[in-house]
Amino acid sequence: MSQIALPAFHMPFQSTGCNPGIEETREAAWEWAESNDLALSPVARKKMIRTRPELWISLIFPTASQQHLDLFCQWLFWAFLVDDEFDDGPAGRDPRMCEAAIDRLVTVLDGGPPRGAMERALVGLRTRTYRDRSARWIRQFRRDTVAWLWTYYAEAVERAAGQAPSRTEFVKHRRDSVAMQPFLDLHEITAGIDLPESARSLPAYIALRNAVTDHSGLCNDICSFEKEALLGYEHNAVRLIQRDRGCTLQEAVDEAGVQLAEIAQRVQRAEKELTEEIEAAGIQGATRVALERCIQDYRGLVRGDFDYHARAERYTRPDLVEVDERDSLSEHFAA
């Protein structure tokens, strides 16, 4: 078990509960994986069970319909498979292998023919998700998903070059690499909204999304630093604080905890500023309702993400980590 004491985190947002469909969505996720030939190895299966994607999705979307909950959980299951492949597997250490695999996934997301189980699963997810969505929403989701995927390549190159980003550079990188942005897009599906480009361009809306995403990224890093240290993974805010300050790991964790509280304050500030900008711009009708729904739901999303990290063994039990010593992509990514 961990020898590092986590700080008493400041969390100003109330829990919005857990979706009652959690068990049904867990069963649906494993059935989906099997039907898409994503038969996990014993080690990978244990890792996914400890990850509990159904818990995160049910805390983030406590009022989503079962249909939406299942779809979003399957996206998350798929994303965790991607994350484990490129964080822990050989592709994360070989830029050329990583580039080829990511390029294939992006090509399939854009409508290209699939060649392996992960690509075929992506086709199904894309088709179900894009149904009845506007072109502008699809553009946003595509941008956010592709930006997330290419962060693995950026990290693989820095690893190979023996480099690490500055803390300032890492904040920008982490906004994409934590993969929260695509799930903020998926929120619009279950909320029944579709933001126009003008709303997405509001400075406070951008600030709100960034703050929500930054909170998720730092919370994840605080809860992952021991597991990632065992794997030799340096793209972690706690590790970067320790390196830059030359402090102990405990001091770095404590500083990260202070920063997490400051990000929560940024969420609150962005909510207030977005309300002011809605008034200043004279936004009315469906667009106003949609933006107010984001203000209402995003704080629950922050709290759900926070609660998940305190409950999933992926983060609470770093002692269970098993080092991946493969020298090739898993069979799910192979053509």
Candidate pair Cys294 and Leu195, rule side chain to side chain contact (heavy atoms under 4.5 Å, CB included), full reasoning: CA-CA 10 Å; Cys294 292; Leu195 291 172; 4.2 Å; yes

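- A side-chain contact (heavy atoms from CB on, under 4.5 Å) with Leu71 is found for one member of Thr190, Leu76, Thr129 and no other, namely Thr129.
- Classified by interplanar angle (parallel below 30°, tilted 30° to 60°, perpendicular above 60°), the ring pair His187/Phe61 is parallel.
- Taking the six-membered ring where the residue is Trp, Tyr205 and Tyr298 present tilted rings, their angle falling between 30° and 60°.
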Test log, rule side chain to side chain contact (heavy atoms under 4.5 Å, CB included), inputs Gln181 and Trp148: CA-CA 8 Å; Gln181 297 280 0; Trp148 159 61; over 6 Å; no

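- For Pro113 against Val108, the heavy-atom pair with the smallest separation is O-CG2, 3.8 Å.
- No more than 12 heavy atoms of other residues, nucleotides or ligands lie within 6.0 Å of CD in Gln14, so this atom counts as exposed by the packing criterion.
- Of all heavy-atom pairs between Arg243 and Ala164, the closest is NH1-CB, 3.1 Å.
- Residues Tyr153 and Phe86 place their aromatic rings such that the two centres sit no closer than 6.0 Å.
- Using a cutoff of 4.0 Å between basic side-chain nitrogens and carboxylate oxygens, Glu279 and Arg288 are scored as salt-bridged.
- Relative to the ring axis of Trp75, Arg126 does not place its NZ or CZ within 45° and under 6.0 Å from the centre.
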Residues Asp84, Arg314; criterion salt bridge (charged side-chain N to carboxylate O under 4.0 Å, His left out); working and verdict: CA-CA 11 Å; Asp84 287 340; Arg314 181 184 180 95; 2.8 Å; yes

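- Taking both residues in full, the closest heavy atoms of Glu313 and Thr316 are given as CA-OG1, 3.2 Å, listed atom of the first, atom of the second, then distance.
- Summarising the geometry of Ala121 relative to Asn36, their closest heavy-atom pair is CA-OD1, 3.5 Å, with the distance given to 0.1 Å.
- Under the 30°/60° scheme for interplanar angles, the aromatic rings of Phe77 and Trp32 are found to stand perpendicular.
- Aromatic ring orientation, His235 versus His173: tilted (interplanar angle from 30° to 60°).
- Judged as a side chain to side chain donor-acceptor pair (under 3.5 Å), and not counting sequence neighbours, Thr16 has no contacts.
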